[in-house]
Number of protein chains: 2
Amino acid sequence: MRYETDDILRETFASDLRYLMVVSYIVLSNNQISNRFFEKTYRMPVHAWSALYAVVRFPGLLAKDIQLLFPRPQNSVSRAVSLLRERGWITVETSDEDTRAKQLFPTEQGRRVLEEIEGRVLKRQEEIFGALTHQERDLFLQLCRKLILGGGLADSAALSADGVQ
Amino acid sequence: MRYETDDILRETFASDLRYLMVVSYIVLSNNQISNRFFEKTYRMPVHAWSALYAVVRFPGLLAKDIQLLFPRPQNSVSRAVSLLRERGWITVETSDEDTRAKQLFPTEQGRRVLEEIEGRVLKRQEEIFGALTHQERDLFLQLCRKLILGGGLADSAALSADGVQ
DNA sequence: GCGAAATACATCCATTTGGATGTAACGATC
DNA sequence: GATCGTTACATCCAAATGGATGTATTTCGC
């Protein structure tokens, strides 16, 4: 073997792009697990569970609110909502303040399904973050919040089409 | 408006699943940006750039090594390698130790393209992590490394098909 | 209060995705 | 050294994806 696994990872996580690389690694690793789990066990994409989570947690919210919490293409959210409705996990009600908007509410069945999934995801969170002490977890959370509040996430001058062709 | 944007985010990032939720938010936000950038500017998926990065950084590595660094389905890596070869950015050479394996080497053009992209991604990293002090960044890095070394990422008892329905 | 721009969501369709399978080579066991 | 399991990679194909567009409604400017 030309390269040792550990060398590849160690060197990459020490490179100039180390901050992005560690995050990438964590997320890709976890995605492999969670995508397969949701597809196999519930026959739905991960983003359907995200949407259900949002609806149960914020009953009456709109599809665009889901998109805010889970930044994904608009049609992806729209499809997830359709799937949840077809499964009977949410109900859809035209808002009386704005007839374009559709308020989303969980059904009893939807709440039960979410509770079951959420329990597992909570355990999954524990599997991952069990590597940190509680103090470290809180620190991690604070740093992530700071990244989010920093405002550099949503737009980018560096990754704009200008200047490259 | 029934829910305020800030309320939705604040409450979610204070919920039981806050650790996963902040990471999810960061990654989904960034994906929107970077997916579009690579698709529009280079007509290739993000994972093709990942693969090129790996080949330039570790010349002679195998497709399975790319998969180790960027955990993705095997056929996805295979396709990314094909694309890079078609573009003339890498060359493929059958390993003499194992004729199944194919060693990947960057071409000069491949190195140039990577350099250009890497510069932009480095700026992107700065946009995101500029919200943190250098000390905080290092702290963040240490915590992420700990999550990776913790070993909870690659496998999951919580998200296994057993024990549902 | 009228027209133009913006917003909320659905749908279309070309492209991408990834699980499953195929092919060839390697390695271990007896 | 034949057999069986494993590994490295490619390919198939049904399903998911997301940019673009459509439709209806609201909001803004004047």
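The chains referred to below are lettered A, B, ... by the order of the sequence lines, with proteins before strands, and numbering in each begins at 1.
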Once side chain to side chain contact (heavy atoms under 4.5 Å, CB included) is applied, do any residues pair with [X], and if so which ones, sequence neighbours excluded?
X	answer
L122(B)	D16(A), L17(A), Q125(B)
R36(A)	Q32(A)
D155(B)	none
T94(B)	T99(B)

message = So that I know where these two stand, are F70(A) and Y25(B) an aromatic pair - ring centroids less than 6.0 Å apart?
response = no
Between the side chain of [X] and the main-chain N/O of [Y], is any donor-acceptor distance below 3.5 Å?
X	Y	answer
R18(B)	S15(B)	yes
R120(B)	S160(A)	yes
R124(B)	A158(A)	no

Using whole Å, what does the distance between atom [atom2] of nucleotide [N] and atom [atom1] of [X] come to?
X	N	atom1	atom2	value
N35(B)	dT16(C)	CG	P	13 Å
F38(A)	dG18(C)	CZ	C1'	18 Å
D65(A)	dA8(C)	CG	P	9 Å
M44(B)	dT15(C)	CE	P	18 Å
I33(A)	dG19(C)	CD1	P	11 Å
E39(B)	dT15(C)	CD	C1'	9 Å

message = For the residue pair Q103(A) / S95(A), report whether a side-chain donor-acceptor contact shorter than 3.5 Å exists.
response = no
query = Between the side chains of E11(A) and Y3(A), is a donor N or O closer than 3.5 angstrom to an acceptor N or O?
reply = no
ask   = chain B on DNA chain D: first and last contacting nucleotide, 5' to 3', under 4.0 Å to a heavy atom?
value = dT7(D) to dG19(D)
note = With five pairs defining each end axis, the helix from dG1(C)-dC30(D) to dC30(C)-dG1(D) comes out bent, to 10°, by 40°
query = When you check the phosphate oxygens OP1 and OP2 of dC9(C), does a side-chain N or O of K102(A) lie under 4.0 Å from one of them?
reply = no
Collect all protein-nucleotide pairs involving nucleotides 26-28 of chain C in which both atoms are nitrogen or oxygen and the distance is under 3.5 Å.
residue: dC26(C); atom: OP1; partner: T99(B); partner atom: N; Å: 3.0
residue: dC26(C); atom: OP1; partner: T99(B); partner atom: OG1; Å: 3.1

query = For DNA chain C, what residues of residues 53-62 of chain A have any heavy atom nearer than 4.0 Å?
reply = L62(A)
Can you sort out the partners of [X] under salt bridge (Lys or Arg N to Asp or Glu O under 4.0 Å), two or more places apart, ordered by chain and number?
X	result
R112(B)	none
R72(B)	none
K146(B)	E136(A)

ask   = Which atom pair, heavy atoms only, marks the closest approach of Y19(A) to R137(B)?
value = CE2-O, 3.5 Å
key: I148(A) versus I26(B), closest heavy-atom pair with distance   = CG1-CG1, 3.6 Å
Residue mapping more 5' on DNA chain D - nearest nucleotide basis, Q32(B) or R43(A) = R43(A)
task = Could you please name the option among dA8(C), dG19(C), dT17(C) that lies closest to any side-chain atom of P45(B)?
result = dT17(C)
ask   = Which parts of residues 68-94 of chain B get close to DNA chain D, meaning a heavy atom less than 4.0 angstrom away?
value = Q74(B), N75(B), S78(B)
task = Using the six-membered ring wherever Trp is involved, compare the ring planes of F140(A) and F140(B) and label them parallel, tilted or perpendicular (cut-offs 30° and 60°).
result = parallel
